[in-house]
2 protein chains.
Amino acid sequence: MASERKATADPARSLALLWRTREPTSRSAGPALSVDRIVRVAIDIADAEGLDALTMRRVGEALGVGTMSVYTYVPGKAELVAVMIDTAYGEMPRPAVEGDWRTRLERIARDNLALYQRHPWMLRAETTRPVLGPHLMAKYDYELSAIVDIGLTDVEVDAVLTLVLGHVKSAARAASEVVDLERETGMTDGQWWQSHAPWLETFLKPGAYPTASRVGTAAGQQHGAAYGPEYAFEFGLQRVLDGISVVVAERAANR
Amino acid sequence: MASERKATADPARSLALLWRTREPTSRSAGPALSVDRIVRVAIDIADAEGLDALTMRRVGEALGVGTMSVYTYVPGKAELVAVMIDTAYGEMPRPAVEGDWRTRLERIARDNLALYQRHPWMLRAETTRPVLGPHLMAKYDYELSAIVDIGLTDVEVDAVLTLVLGHVKSAARAASEVVDLERETGMTDGQWWQSHAPWLETFLKPGAYPTASRVGTAAGQQHGAAYGPEYAFEFGLQRVLDGISVVVAERAANR
DNA sequence: GCAGGTGCCGTACGTCGTACCGGCCGCCGG
DNA sequence: CCGGCGGCCGGTACGACGTACGGCACCTGC
C-alpha cells in the first residue's frame, strides 16, 4: 500500500463518488452491494477496530462478498476512506445557532470533539487533502455561519475556524493515543508509565532536567492519566476563545 | 506492516536503543554499521522522499548492506522511527532564553515549525505515543524552562506548552499537505483547485452554501494558495498567545 | 591453532492493495 | 422467444511490505 494516496488520476471519478452521481440500476432486484452499504460496513470496522483493521478483504468478508467486488463500487481504498470521512461529517448535529458567538464556537468545538471520539480513525485518515464532499461543504458552511457576524473579515473568520478545529483535532489525537495504547498493550496509561519509569530512571542522570521532572510529575499527578487529555482540551479551548475575544473586542472598539 | 506499532513487548529494549546503551564493539575495524549511521541514512530518505519511501530494504540499500543487517541494530521499523524522531529533536537550537515570556514562547513555536518543515515526516510519524528519548526530554525541559515563571501552576504551564505545540503541529501539517500534494500530483495548489472546481460546480446546486462559497473564495484569493497555511499559522499563534496573556494577566492581578 | 561469538544477510512467509480476466445473469432489441 | 450485451461478481496472481529464521564468515581470546 505504501501511501494512502496515489496518483489519484481522476478528480471526476473521486468527486462523482463523493457526491454519489450514479443512477440506481434499473435491475429488478438491485445489486447486492452499493457504495452506501460498503461505506457503512467500513465505518463500523474502523470504529470498532481501528484503521489498521480496515482492509479490503475484511470489508468484502463483512459484506459476505468477494474482496474484488468492492472495487466495482469504489476505485480504491483511498477513495473509500474519503467517502467514509465525508459520511461521518454528515452525521454531525447542526442545530440552529443560538447564544453569543463564544457559546456557539464552543459548541462547535465540542461537537467536533465528539465526532472524533466516535470515529477515532478520522484522526489518522485526515492527514491528506480535505475531501471536498457534500457533507464537508455543509459542515463548513454551518460552522462558518455561526461566526461570520463577529466583526472580522472573511479571511479572519476562516482562520478562526481553522484555529479552533485544529485545537480540537490536536486534543482529540492526544486522547485517542491514550485509548488505543490501552487497547494495544492491555495496560492503562498509569500502568504503562509505571513499567517504563524505572527504566527511564536508569538512564537519567539524577538531577538532570529538573523542570521537566517537576512539571511532568505534577501534570501526571493532577489529572489521573486518563483525565489528562481532557484537561488539555478544556484549558486550550478557553485560551483559544480568550485569544479570539481579544481581536473581536479590538474590532468592536474601532468601529 | 499494518500498524506502525506492534505489541512492542519490551520497554527495556526500546528505551536502551533510544538512550544508546551499548558498548562500542572492541572489534579492530569496528562493525560497518551502527545505530547512528542507520538513523542518519533513514532520516535523509524520509526528508527527501517522505515516510512512505522509508522501507527497511531501502535503508539497507542506502547503506550498501543487506536488508536484514539493519535488524542487527534496530529491533524493527517502529523503533527506528522512534530513534529518528528523538534524533531530530536533538538538532533543535536551544539558545539561552531572553525577552519576555511572549517573545520566548513565540520563538519556541517558530523553532518547532522550522523543525517540522525540515522533517515533514515527523508530522505523520508522531501519531503514536511520545518517544521518551533523551532529546525529547531535553527539549521538554528547555521549553518548559522558558515559561515556568509566568505565574501559572505547573499543570497550567504544561497545558500552555501543549497548546502552543499543538497549534504548531496543526499548522505545519496543513502546510505540509500542500507541499506534498504538489510533489505527488505535479500541480501547484492553485492548479489543483482549478482542475477540481469545475467538477465541484457541476454537483453543487447554485446558491447552496453561500457562506462557505464566499468565505472560501475570499480566503483562497487573499493568500495565494501557498501562503494560506502560513497565514493560518501566524494568525493562530497570535490568538493563542493573546489567550495565554489573558490568564497570565489575571493571575498577576490577583497576586 | 582453535572455539566461540559477533556481524552480516539470503530465503521465505504472511499480509496488504489491486490488475486482470473470465463467468454469470437479467434485460432488451430483434 | 431468443440471442447477445452490459453490468455485477470474484478467483487468481503480482509486487510491494515487515520481519522470522538459520547459516556463513571472520575476528578475538585462549
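Every chain is numbered from 1, with letters handed out A, B, ... down the list of sequences. What you see is a predicted model, and the numbers here were worked out from it, not measured in a lab.
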[Y] backbone acceptor or donor facing [X] side chain under 3.5 Å:
X        : Y        : answer
A/Lys77  : A/Leu54  : yes
B/Gln191 : B/Thr188 : yes
B/Ser69  : B/Val65  : no
A/Ser176 : A/Ala172 : no
B/Arg173 : B/Leu123 : yes

Check nucleotides 21-23 of chain D against the protein and report each pair of N or O atoms closer than 3.5 Å, with its distance, or say if there are none.
none

Nearest-Å distance for atom pair [atom1]/[atom2], residues [X] and [N]:
X       : N      : atom1 : atom2 : value
B/Arg57 : C/dG10 : CZ    : C1'   : 12 Å
A/Asp52 : C/dT15 : CG    : P     : 15 Å
A/Tyr71 : C/dC21 : OH    : C1'   : 16 Å
B/Glu61 : C/dC8  : CD    : P     : 17 Å
A/Glu79 : C/dG17 : CD    : C1'   : 12 Å

For [X] and [Y], does a side-chain donor sit closer than 3.5 Å to a side-chain acceptor?
X        : Y        : result
A/Tyr116 : A/Glu126 : yes
B/Glu201 : B/His196 : no
A/Tyr140 : A/Asp158 : yes
B/Asn112 : B/Tyr89  : no

For A/Thr55, which contact category applies under a 4.0 Å heavy-atom criterion: base, sugar-phosphate, or nothing?
->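 Sugar-phosphate, no base atom in range.
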Looking at every strand, decide which applies to A/Leu54 at a 4.0 Å heavy-atom threshold: base, sugar-phosphate, or nothing.
-> sugar-phosphate
Check every atom of [options] against the side chain of [X] and return the nucleotide holding the closest atom.
X       : options               : answer
A/Lys77 : D/dC9, C/dC9, C/dT18  : C/dT18
A/Tyr73 : C/dC8, D/dT19, D/dC9  : D/dC9
A/Ser69 : C/dC16, D/dC17, D/dC9 : D/dC9

Note on DNA chain C: ranges paired as stems (three or more Watson-Crick/G-U pairs in a row, both atom distances under 3.5 Å) are C:1-30 with D:1-30
Nearest-nucleotide 5' precedence on DNA chain C, A/Thr67 against B/Thr67 =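 Closest to the 5' end, via its nearest nucleotide, is B/Thr67.
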Identify, between B/Met56 and A/Gly66, the residue whose nearest nucleotide on DNA chain D lies closer to the 5' end.
-> A/Gly66
